[in-house]
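Taking it in order: structure first as structure tokens, then the write-up.
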Amino acid sequence: MQNHPVYTDNDPQTEYSTLNLGPTHPATHGVFQNVLQLDGERIVSGVSTIGYIHRAFEKIAEHRPFYQITPLTDRMNYCSSPINNMGWHMTVEKLLNIKTPKRVDYLRVIIMELARISDHIICNGVLGVDTGAFTGFLYMMEYREAIYEIYEEICGSRLTTNIGRIGGFERNFNTIAFNKMRKFLKEFPAALKEFENLFNRNRIFVDRTKGVAAVTAETALSYSWSGPLLRAAGVDYDVRAMEPYSSYEDFDFEVPVGDNGDVYSRFLVRNEEMWQSLRLIEQALAKLEKEPSDIFHADVPEFYLPPKEEVYNNMEALIYHFKIVMGEVDTPTAEVYHAVEGANGELGFYLVNDGGRSPYRLHFRRPSFINYQMYAPMSQGMLLSDAIINMSSLNIIAGELDA
Amino acid sequence: MGKIANDELLKKIGDKFPGQVNVLGADYGLLTVETGRAQITELLTFLKTDPALQFIFLTDITAIHYPEKEMPIGVIYHLHSLTTNTRIRVKVFLPAEDVHIPTATVLWDGANWMERETYDFFGVIFDGHPDLRRILNVDDMTVFPMRKEYPLEDPNRIDKKDYFFGR
């Protein structure tokens with residue numbers, strides 16, 4: 001005697017079950033909530049709720065001098081915070097018409113490309129974990145540690161770096177930092193090759209990812225996707241190539257492009273970007289040989305914080321220190337939009353300055369926020385397990401999503 | 001195709017919308033134009049679909065608040081033409097008592113969340129938006145926090161006032 005119906009696969013279901021995926025779910029790697037309507041294991045519809053770690057950075061930025069905004073940018077994409085820091089510094093430099101020396105540009109390129117690698121390591125490693133392969137993630141994690149040690153040598157911190165200054169860096173890179181970079185360049189390619197060998201032609205991985213969440217170029221553009229996701233869909237838009245900043249025009253690198261925008265293409269694009277980043281770092285190190293080794297910032301005393309020992313012993317340095325910290329230096333009344341190629345896409349800073357101590361308005365174009373909005377619509381009709389790896393491959397960073 | 005010069009871009013827009021689009025400037029080479037909300041959809045459509053322009057990529061939508069101005073709320077669009085590598089900024093200013101503007105979701109799907117964010121923080125109502133709800137703030141919030149009348153710090157605090165610094 002059965003008092004509940006038994007369904008077979010072919011029976012039409014009259015009721016959907018509701019699943020709260022998140023806000024804290026081990027499969028989502030961050031604070032994301034999606035309320036899904038499920039028909040068996042298939043997603044009928046979904047609604048994304050975001051804003052769980054919204055910290056009102058744009059409002060706070062309206063009350064902070066330029067230097068105090070740098071730590072806010074750290075906390076957006078915390079997997080590659082140096083890109084955010086330098087993107088912000090370059091925005092201010094553009095506003096103030098500061099021309100940075102070539103050596104500063106090349107040092108920045110090294111750090112930004114290391115940050116890109118560390119971000120892609122996480123994304124691709126976690127994609128492996130979500131498809132059931134923990135090994136690759138653990139192999140690659142060691143090299144993220146190596147990158148963090150390089151940051152540590154340069155700015156003293158690891159995750160939220162607050163690296164650099166307006167016009168350059170707070171101190172010159174020491175030999176330990178350069179040695180660590182060379183060691184990284186020597187050892188990482190072998191690990192990356194091994195990682196690719198583990199995944200690229202792995203039957204289980206390819207079956208799980210190929211054709212999953214494929215996105216056409218038109219849809220990706222309509223949703224304003226950028227970064228590896230847009231390139232995986234076949235559009236070769238890379239801010240580094242289109243609007244070179246920090247002397248990217250001096251470098252020889254390729255913009256990898258995928259074909260059908262599925263999870264597998266995104267994985268391949270990110271892997272190839274890591275190879276290109278390595279090329280960029282190698283070229284930058286070679287270019288540094290030809291630059292004077294004692295230059296690490298632009299000569300802009302009104303904006304570049306003087307070294308601490310001079311502040312205590314030199315009147316001019318003390319005055320500049322005070323003026324910079326209190327935001328007492330005159331700045332032009334202007335609007336500036338500056339974009340850098342973040343690890344997730346076009347990271348833009350829209351700064352409206354009224355000449356005051358702090359920005360009149362500062363808006364962050366956060367790629368995670370814009371990339372994530374397609375998640376719920378594209379999940380329709382997808383299997384729940386595919387939706388999970390789709391989320392991993394979008395590489396949504398909660399800090400950047402919610403700002 | 002190379003970058004479109006600002007003069008050329010402006011001429012094309014001026015020919016299509018005579019007297020309806022004002023130039024606000026070109027800070028750091030980025031052309032900024034202003035239009036009214038009656039023309040905004042047509043202007044965006046023209047910029048997106050004109051074969052010589054093709055501003056197909058909507059970089060961003062955001063807003064700004066100038067409380068002392070007659071038209072205090074400005075909605076700001078950043079567009080990018082990927083084929084010509086040209087950017088343009090379009091602004092629309094709205095009166096405080098009637099902050100309505102037509103939605104851009106008819107042109108770009110990606111405008112959806114950008115407009116929700118703008119609504120959430122500035123209270124701009126995008127007419128025709130499919131799902132205009134708050135996005136980052138809690139649903140039962142009653143104010144639009146990025147407007148200038150909501151100070152971040154205690155407004156009674158005086159140690160940061162400009163007159164202490166000779167301004």
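A note on names: the letters A, B, ... follow the listed sequences, proteins ahead of strands, and every chain is numbered from 1. Below, all heavy atoms of this structure are taken into account, side chains as well, without hydrogens, waters or symmetry copies.
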Answer with yes or no whether the side chains of B:Thr84 and B:Ser81 bring together a donor and an acceptor at under 3.5 Å. yes
Distance-only side-chain donor-acceptor flag, B:Asp109 / A:Ser222, under 3.5 Å: yes
Where on A:Arg366 is there a heavy atom nearer than 4.5 Å to chain B: the side chain, the backbone, both, or neither? side chain
Side chain, backbone, both or neither: which part of B:His78 has a non-hydrogen atom closer than 4.5 Å to chain A? side chain
Got a sec: does the NZ of A:Lys59 have more than 12 other heavy atoms crowding it under 6.0 Å? yes
Side chain / backbone / both / neither for A:Ile370 at chain B, heavy atoms under 4.5 Å: side chain
Considering only heavy atoms and a distance below 4.5 Å, find which of A:Leu221, A:Ile50, A:Leu401 pairs most often with chain B. A:Ile50
Donor + acceptor pair across side chains of A:Thr70, A:Thr73 (<3.5 Å): no
Can you tell me which portion of B:Arg133 sits under 4.5 Å from chain A's heavy atoms? Options are side chain, backbone, both or neither. side chain
Part of A:Tyr237 within contact of chain B (heavy atom distance under 4.5 Å): side chain
Classify the angle between the aromatic ring planes of A:His338 and A:Tyr245 as parallel (below 30°), tilted (30 to 60°) or perpendicular (above 60°). perpendicular
Pick from B:Asp120, B:Thr32, B:Leu30, B:Ile76 with the largest number of heavy-atom pairs that fall under 4.5 Å of chain A: B:Ile76
With a 4.5 Å cut-off on heavy-atom pairs, point out which of A:Glu335, A:Met374, A:Glu346, A:His54 contacts chain B the most. A:Glu335
A:Asn77 and A:Asn84: side-chain donor and acceptor closer than 3.5 Å? no
Tell me, side chain or backbone of A:Tyr52 under 4.5 Å from chain B's heavy atoms, or both, or neither? neither
Which one of B:Leu107, B:Asp131, B:Val138, B:Thr59 has the most heavy-atom pairs closer than 4.5 Å to chain A? B:Thr59
Is B:Lys11 paired with B:Asp7 through a side-chain N to carboxylate O contact shorter than 4.0 Å? no
Which bit of A:Ala403 is near chain B, if near means a heavy-atom gap under 4.5 Å: side chain, backbone, both or neither? neither
Pairs of heavy atoms under 4.5 Å with chain B: top-ranked of A:Glu243, A:Glu58, A:Lys94: A:Glu243
Per-residue tally against chain A (heavy atom, under 4.5 Å) across B:Glu117, B:Arg116, B:His65 peaks at B:Glu117
Can you tell which of A:Asp402, A:Asp236, A:Leu95, A:Ile53 has the highest number of heavy-atom pairs within less than 4.5 Å of chain B? A:Leu95
Test your reading of the model: is there a side-chain donor-acceptor pair from B:Arg147 to the backbone of B:Tyr66, 3.5 Å cut-off? no
Distance only, no hydrogens: is a donor on one side chain within 3.5 Å (strictly under) of an acceptor on the other, for A:Ser48 and A:Asn34? yes
Can any side-chain N or O of A:Asn344 pair as donor or acceptor with the backbone N or O of A:Pro367 at less than 3.5 Å? no
Please state whether the side chain, the backbone, both or neither of A:Pro332 comes within less than 4.5 Å of a heavy atom of chain B. side chain
Which atoms of B:Arg134 are under 4.5 Å from chain A, going by heavy atoms: the side chain, the backbone, both sets, or neither? neither
Chain B contact via A:Asn97 - side chain, backbone, both or neither, heavy atoms under 4.5 Å: side chain
Let me know if B:Ile64 has heavy atoms under 4.5 Å from chain A in its side chain, its backbone, both or neither. both
Answer with yes or no whether the side chains of A:Thr331 and A:Arg357 bring together a donor and an acceptor at under 3.5 Å. no
